[in-house]
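Take a look at the structure set out below.
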There are 2 protein chains.
Amino acid sequence: MRKRTIENYVELVYDVQKGKKRVHTNDIASALNITPASVTEIFQKLSNEGYVSYKKYCGIKLTNKGLNVALKIKSKHSTLKEFLIILGIDRDIAEKDACEMEHILHPSTMDTVIKFVEVVKNCEITPFWLERLKEYVKTGKLSKCPEEFYELCKNYQKIKN
Amino acid sequence: MRKRTIENYVELVYDVQKGKKRVHTNDIASALNITPASVTEIFQKLSNEGYVSYKKYCGIKLTNKGLNVALKIKSKHSTLKEFLIILGIDRDIAEKDACEMEHILHPSTMDTVIKFVEVVKNCEITPFWLERLKEYVKTGKLSKCPEEFYELCKNYQKIKN
DNA sequence: TTAAATTTTTAGGCATGCCTAAATTATATA
DNA sequence: TATATAATTTAGGCATGCCTAAAAATTTAA
């Protein structure tokens, strides 16, 4: 199976599994609008590769290996979604784009995104540059950056060097 | 053909086409490390869908339709790469991640990214928040945001409301 | 508890994007 | 201008992730 496929299925299985003992073909099939027959095939492959334990006619359950993948992907997903929302992307679009990005970004890119989100969340108030960006996206007009900011930045940089 | 496949091939054809009249199977095959036979198949499909004009044994040339797709994708690519580089991602990783992101992001997300890059490039000096982020990524330590910044932000927001 | 309904699996197919090997066409050179 | 060489195409295969139709197992309910 492709990395992407594994990640998507394992992630979904994780979500569906909550509050259930086992996940059945129908659960996945209806969630994805595909046929149960296709899901059976996926279950068998996920099982062969050790992501789930599978018993015919009884559905599946994530193994530790599968659980780890699921947790990692879910963590990436929520960080990326937060990241996009911070930038001003609509929640549902952020959700979809995060769904794609979670599979492709390099670990070091993910690391930067994680820290970006952390930095912004750490701010007591919405950062100025972010306000300006959102305004620009909304109105199409980019306001000029006030002189005081430049001064402050310059001073700060002098101090550091 | 899948959207992603079309975009990838058309983009590559555009790059290879520069300074040549026609692009040959071998050009693409060697660039992608796949066999010329596979490229022939791709050429035929690209041609069927109107992205290139194709004459047997003579290679292909982008049509206007293909050129438009190529230009759009290349524009997305370079914006995304710039975006990632601004955030502090290494150039080669930025290159690879941009290659993936260019196919998946929602237009409104792209719009925000475009404006983000514009806003940062518009700054006379590297924004303070970006300095802090990069430092955090590099050292693992997040410095506290100076009080003056908060004050300035607050004042600015009062003025606007 | 046995028949009906539902769920799951099997078997066989299909499109995609790749492959190899062999045939065809173009080109370079003697 | 032949002919050897190189490039391209055709033909047939393969893995993936999906499909349908039919078979098998399970569950429900009479």
Side-chain angles (χ1 to χ4, degrees), chain A residues 1-17 19-62 66 69-70 73 99-100 102-104, chain B residues 1-17 19-62 66 69-70 73 99-100 102-104:
Chain A
M1 295 178 93
R2 295 185 174 114
K3 170 177 171 288
R4 203 209 158 77
T5 308
I6 294 168
E7 289 174 349
N8 271 329
Y9 277 102
V10 161
E11 189 179 11
L12 178 57
V13 168
Y14 178 88
D15 287 334
V16 170
Q17 196 174 273
K20 306 184 84 179
K21 279 202 175 159
R22 303 201 137 249
V23 174
H24 296 268
T25 53
N26 249 344
D27 301 328
I28 302 297
S30 58
L32 294 179
N33 251 307
I34 61 177
T35 64
S38 305
V39 179
T40 298
E41 211 183 322
I42 297 292
F43 279 9
Q44 290 164 345
K45 286 178 182 166
L46 284 174
S47 173
N48 286 340
E49 299 186 24
Y51 297 99
V52 302
S53 67
Y54 170 56
K55 263 202 302 189
K56 261 191 181 186
Y57 295 99
C58 298
I60 57 169
K61 195 172 179 304
L62 287 175
V69 173
I73 278 289
C99 258
E100 301 289 328
E102 66 194 21
H103 306 292
I104 60 175
Chain B
M1 297 178 92
R2 293 183 176 116
K3 169 176 172 289
R4 202 207 158 77
T5 308
I6 293 169
E7 289 175 349
N8 271 329
Y9 276 102
V10 160
E11 188 177 13
L12 179 58
V13 169
Y14 178 89
D15 286 336
V16 170
Q17 195 173 274
K20 307 184 85 180
K21 279 203 175 157
R22 303 202 136 248
V23 174
H24 296 267
T25 52
N26 250 342
D27 301 327
I28 302 298
S30 58
L32 294 179
N33 253 306
I34 62 177
T35 62
S38 305
V39 179
T40 298
E41 212 183 321
I42 298 291
F43 278 9
Q44 290 163 344
K45 285 177 183 167
L46 285 174
S47 172
N48 286 339
E49 301 187 23
Y51 296 100
V52 304
S53 67
Y54 170 57
K55 263 202 303 187
K56 261 191 180 185
Y57 296 99
C58 297
I60 57 168
K61 195 174 180 302
L62 286 176
V69 172
I73 278 290
C99 259
E100 300 290 328
E102 66 194 23
H103 305 293
I104 61 177

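Numbers restart at 1 for each chain; the letters A, B, ... are given by sequence-line order, proteins then strands.
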Is the number of heavy atoms from other residues, nucleotides or ligands within 6.0 Å of NZ (A:Lys3) greater than 12? yes
Salt-bridge test for A:Glu41 and A:Lys45: reply yes if a basic N is under 4.0 Å from a carboxylate O, no otherwise. yes
Hey, which sits more toward the 5' end of DNA chain C by its nearest nucleotide, A:Asp27 or B:Tyr9? A:Asp27
Quick one: A:Arg22 CZ to D:dT26 P, roughly how many Å, whole number? 13 Å
Quick test of your reading: applying side chain to side chain donor-acceptor pair (under 3.5 Å), list the pairs with at least one residue in residues 51-62 of chain B, sequence neighbours left out, ordered by first then second residue. none
Taking a pair as Watson-Crick (N1 to N3 plus N6-O4 or O6-N4) or G-U wobble (N1-O2 and O6-N3), both under 3.5 Å, which stems of 3 or more consecutive pairs involve DNA chain C? C:1-30 with D:1-30
Would you say A:Asn8 and A:His103 make side-chain contact, with heavy atoms under 4.5 Å? yes
Anything under 4.0 Å to a heavy atom of chain A counts; send over the first and last such nucleotide of DNA chain C, read 5' to 3'. C:dT7 to C:dT10
Does any N or O in the side chain of A:Asp27 come within less than 3.5 Å of the main-chain N or O of A:His24, such that one atom is a donor and the other an acceptor? yes
If I take atom CG from residue A:Leu12 and atom CD from residue A:Gln17, how far apart are they, to the nearest 0.5 angstrom? 11.0 Å
B:Leu62 and B:Ala70 have their tightest heavy-atom pair at CD1-CB, 4.3 Å
Contact list please: residues 44-58 of chain B against DNA chain D, heavy atoms, distance less than 4.0 Å, in numerical order. B:Gln44, B:Tyr54, B:Lys56, B:Tyr57
Any side-chain heavy-atom pair from B:Asn48 and B:Met1 closer than 4.5 angstrom? no
Tightest non-hydrogen contact, residues B:Phe43 and B:Val52, listed as O-CG2, 4.0 Å
Just by distance, do the side chain of B:Glu7 and the backbone of B:Ile73 share a donor-acceptor pair under 3.5 Å? no
Do any of residues 30-42 of chain A sit with a heavy atom less than 4.0 Å from DNA chain D, and if so which? A:Asn33, A:Ile34, A:Thr35, A:Ala37, A:Ser38, A:Glu41, A:Ile42
Using the side-chain hydrogen bond (donor to acceptor under 3.5 Å, both in side chains) criterion, which residues pair with B:Asn26? Sequence neighbours excluded. none
For the CD1 atom of B:Ile28 and the CG atom of B:Asp15, what is their distance to the nearest 0.5 Å? 9.0 Å
